[in-house]
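Structure, as structure tokens:
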Amino acid sequence: MSTLTADLNLTELRQGLLSRDISVLEAVEHASRRIQETEPLINALLHVNQEQALRQAEELDRQGPNPARTLWGIPVIIKDVLATKGLPTSCASKMLQDFIPFYDSEAVHRLKQAGAIILGKANMDEFAMGSSNENSAFGPSRNPWDLERVPGGSSGGPAASTAAGQTPFSLGTDTGGSIRQPAGFCGLVGLKPTYGRVSRFGLVAYGSSLDQIGPLTRTVEDAARVLRVIAGHDPKDSTSAPVEVPDYPARLAERPDLKGLTLGIPEEYWDAEGLSPEVNQGCTAALEAARGLGATTVPLSLPSSKYAIAAYYIIVMAEASSNLARYDGVRYGYRDREAKDLIEMYARSRSAGFGPEVQRRIILGTYVLSSGYYDAYYRKAAQVRRLIRDEYDQALRHCDVICAPVAPTSAFRLGEKTDDPLQMYLTDVFTNPLNLTGLPGLSLPCGLGEQTGMPIGIQLFAPAFAETRLLQIAWTLEQELPRLPRPSGLASR
Ligand code: GLN
């Protein structure tokens, strides 16, 4: 018999719903109550779709459980960068504050087909640009483990929401770490699939060659369930890969231990200067656990990783400057009404609609693409990207997965890095090389830090489209890692 609590995970809730121990209405009402209790503290959401969700819940209860729909009756929170039909999709920007799409993004469409109920849209860094959720035009989200700390970014809202137990899972996007880093900061499992695995149709573009959609969940099994639903070829996205989707949840238990597996330990991550002692300790303990399960660890080197931050920020800003050119006040979003002519209207709309970080990136991105500088910056960055990809491919011939800490530190304090964009960019040092390669990565909570008491995450990288391997290894390792208690920042709720 399942009882509804804020720490019920997706798999448990699904069982409760299918056996009718819990009605869909109860599940949605419970989630709505949890939202009311926690939102004043964490500001994880930009929009709650309560009435429609309650109506859908009643309808599903009338129809009765359908096990073929694998997310039947499960409420979910969606990062506000994914188009949702009839629901605001603001990207946490004033520019799109009033934008209501008339179609669903493919990932959301697939969640709905599987029976999930869209309960709300989550806060984020504006247009997914940031690492702490402090770049939202609608105020930062806060970390449920410590309300003075950031939940990470740019999917800070989804991470804070799921960690607070608002819903059992959320969808985020990862362009340079934005699923894995907030998952790590909030004690969740975060999965960035292989580039092309999940359709980007209806995902508001930031860095199109890097963006991927993926789940934030409480367990590896839950991540496997969600990936199974959202993955798969979509003709509406020309970069979507026509690759078969394995039955991830069914295959999880195929590796009861890690005997015969080799984990690659890249020195550029583990010996990095800024790696905090508590992250090192937490991640080293996770490696110990893996060895205890029979895995072998091998040191390796990914020497070009040190150029990843520079290459990533050049490429992502170049792509952003081009992608965000469409917000001109004419076709979408905010329009200035005072301007005297067209050029002034463009300038005033974009100056008022975009926040400072977005403007900084458009300016830098335009610069690195301009004639005379293109070869020095953009072309060089593209060449470095190729080198990084080759090194990762090469390394993955000598090991089954690569292991690394998710971020150099656990969640930092609000305001700690907002005055220094470079310091903020550097927090992505362990996540954005993977986006340059397109390979899949998963972050897994491995305990609480000795100094801060905040969650610590370790990440695993696998070859392209080897998500099954990633999930299996993470699932087996998860059993050996400490289970996290309830988030301490919400102790009274
Ligand atoms: N922090 C990185 C950036 O600002 C990554 C963001 C993301 O993955 N969306 O670009």
Side-chain angles (χ1 to χ4, degrees), residues 78-82 91-93 122-136 140-141 150-159 170-186 190-193 195 198 200 203-216 308-324 354-365 368 381 385 406-409 411-412 416-418 420-443 457 459:
I78 307 289
K79 186 178 183 182
D80 210 24
V81 70
L82 287 160
C91 297
S93 179
N123 204 352
M124 53 185 281
D125 285 299
E126 184 175 3
F127 285 102
M129 300 178 187
S131 312
S132 66
N133 215 116
E134 291 167 294
N135 295 335
S136 166
S141 295
V150 303
S154 62
S155 311
S170 51
L171 278 195
T173 59
D174 193 313
T175 303
S178 283
I179 291 174
R180 289 162 288 146
Q181 184 255 31
F185 279 11
C186 292
L191 175 62
K192 182 200 95 71
Y195 185 79
V198 177
R200 291 182 298 113
L203 161 61
V204 177
Y206 164 26
S208 317
S209 75
L210 304 151
D211 299 337
Q212 262 297 286
I213 301 164
L216 293 101
I309 285 268
Y312 167 83
Y313 275 98
I314 287 172
I315 289 168
V316 86
M317 290 184 192
E319 293 187 15
S321 72
S322 164
N323 277 325
L324 272 60
F354 292 135
E357 183 61 27
V358 176
Q359 294 192 31
R360 172 165 31 246
R361 295 191 186 200
I362 292 173
I363 292 168
L364 282 167
V368 300
R385 179 181 197 169
V406 172
T409 66
F412 45 90
E416 199 176 312
K417 297 181 197 280
T418 36
D420 188 346
L422 275 181
Q423 280 307 315
M424 193 67 94
Y425 300 166
L426 282 169
T427 63
D428 298 342
V429 61
F430 295 159
T431 47
N432 61 39
L434 191 74
N435 300 75
L436 293 171
T437 68
L439 301 175
L442 181 147
S443 71
Q459 45 176 350

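Both backbone and side-chain heavy atoms feed into the values below; hydrogens, waters and symmetry mates do not. These figures come from a predicted structure and were not determined experimentally. Note that ligands are numbered from 1 as they come in the structure, with each ligand's atoms numbered from 1 the same way.
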Could you check Lys192 against Ser443 for side chain to side chain contact (heavy atoms under 4.5 Å, CB included), going step by step and ending with a plain yes or no? CA-CA 9 Å; Lys192 182 200 95 71; Ser443 71; over 6 Å; no
How far apart are the C-alpha atoms of Thr427 and Phe412, what are their side-chain angles, what is the distance that settles it, and do they pass the side chain to side chain contact (heavy atoms under 4.5 Å, CB included) test? CA-CA 10 Å; Thr427 63; Phe412 45 90; 3.9 Å; yes
Quick one: do Leu434 and Arg180 satisfy side chain to side chain contact (heavy atoms under 4.5 Å, CB included)? Show the steps, please. CA-CA 11 Å; Leu434 191 74; Arg180 289 162 288 146; 3.5 Å; yes
Would you check, one step at a time, whether the test side chain to side chain contact (heavy atoms under 4.5 Å, CB included) holds for Asp125 with Met424? CA-CA 12 Å; Asp125 285 299; Met424 193 67 94; over 6 Å; no
side-chain hydrogen bond (donor to acceptor under 3.5 Å, both in side chains) between Thr173 and Asp211, intermediate numbers included: CA-CA 7 Å; Thr173 59; Asp211 299 337; over 6 Å; no
Walk me through it: do Asp80 and Asn123 pass the test side-chain hydrogen bond (donor to acceptor under 3.5 Å, both in side chains)? CA-CA 6 Å; Asp80 210 24; Asn123 204 352; over 6 Å; no
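Only one option out of Leu426, Asp428, Val150 pairs with Ser131 in a side-chain contact (heavy atoms from CB on, under 4.5 Å); it is Asp428.
Of all the atoms in ligand 1, the ones that sit under 4.0 Å from a non-hydrogen atom of Met129 are 4 (O). Short contacts between ligand 1 and Tyr312, defined as distances under 4.0 Å to a heavy atom of the residue, involve ligand atoms 2 (C), 3 (C), 5 (C), 6 (C), 10 (O). Taking a cut-off of under 4.0 Å to the non-hydrogen atoms of Ala128, the atoms of ligand 1 that pass are 6 (C), 7 (C), 9 (N). Within ligand 1, the atoms closer than 4.0 Å to a non-hydrogen atom of Gly176 are 5 (C), 7 (C), 8 (O), numbered from 1 in the order shown. The contact set between ligand 1 and Gly177, taken as ligand atoms under 4.0 Å from a residue heavy atom, comprises 8 (O). Listed by number with element, the atoms of ligand 1 under 4.0 angstrom from any heavy atom of Gly130 are 1 (N), 2 (C), 3 (C), 4 (O), 6 (C).
In Ser154, the part holding a heavy atom less than 4.0 Å from any atom of ligand 1 is the side chain.
Within the structure, the closest approach of Tyr425 to ligand 1 does not fall below 4.0 Å when heavy atoms are considered. Under the 4.0 angstrom criterion for non-hydrogen atoms, Arg361 is in contact with ligand 1.
Relative ring orientation between Tyr313 and Tyr425 is described as parallel, the plane-to-plane angle staying below 30° on a 0-90° scale split at 30° and 60°.
Counting protein heavy atoms only, atom 1 (N) of ligand 1 is closest to Asp428 OD2, 2.6 Å. Counting protein heavy atoms only, atom 7 (C) of ligand 1 is closest to Ser178 OG, 2.3 Å. With respect to atom 10 (O) of ligand 1, the closest heavy atom belonging to the protein is Tyr206 OH, 2.5 Å.
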